[in-house]
Amino acid sequence: VEDVVISGGVLNLASAGKTRGIYVSMNNTDTNALTIDDSTIPGIQVDATNGADIGHGLITQSRIAAKSNIEGILLNVNQGTADNFRIVDNLEITSPNKEFINVRSNNAPIDNLTIANNTIGNVTAGAGLLFRADGDTFVQPLILTNNSTRNEQIQTFVVDLTSVGMVFD
């Protein structure tokens, strides 16, 4: 698949119940670019599995309002790659009771992942962040960089290293 572009669409699944608006599954398939922009969507899931490679992913300038029990955006990379994936400049990313943005990486590097300048949820007191490292962080390190701007408030920040099997004092 050379390039995948979804642009300028309004997807209304009000009668469909519990479902995502867009589900892109790349299974042992490569694409140079995946772009979702200028759209209104009730949830997005992007999978790169079994050796799949998404060269440059971009979700931007969209309104993503997921239904109950659905993440706003789920990026699931399992034994694939999604290097240079960017979730930037979205007008809204919400979910009533799940994560607004959920990135799962299992045996799969996601180098240069960028999540920036999005309007996340409707939480006025600040957002909570959860990072879970599942695997050997000595071989494949987890690096977090905070590029927040002034007056952004993070109420909670959790790093879950349970699966590495070590006790930290």
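Nothing fancy with the numbering, it's 1 onward along the sequence.
There is a side-chain donor-acceptor pair under 3.5 Å between S68 and N97. For the 3.5 Å distance criterion, the side chains of D53 and T81 qualify, holding a donor opposite an acceptor.
Looking only at distances, no side-chain donor or acceptor of N84 sits under 3.5 Å from a matching main-chain atom of G57. Side chain of D83 to backbone of D111: a donor-acceptor contact under 3.5 angstrom is found. Side chain of S39 to main chain of D37: a donor-acceptor pair is present (N/O by atom type, distance under 3.5 Å, no hydrogens or angles). Formation of a donor-acceptor pair under 3.5 Å by the S95 side chain with backbone atoms of I70 is found in this model. Counting only distance, with no hydrogens or angles, the side chain of N118 and the backbone of I87 share a donor-acceptor pair below 3.5 Å. Judged by distance alone, the side chain of N50 and the main-chain N or O of N28 form no donor-acceptor pair under 3.5 Å. T119 places no side-chain N or O within 3.5 Å of a backbone atom of E92 that could act as its donor or acceptor partner. Not a single donor-acceptor pair under 3.5 Å links the side chain of T29 to the backbone N or O of A52. Between the side chain of Q61 and the backbone N or O of D89, at least one donor-acceptor pair lies under 3.5 Å. At distances below 3.5 Å, at least one donor-acceptor pair connects side-chain atoms of S62 with backbone N or O atoms of T60.
Hydrophobic clustering, with ILVMFWY side chains joined whenever heavy atoms are under 4.5 angstrom apart, groups I73 together with I120.
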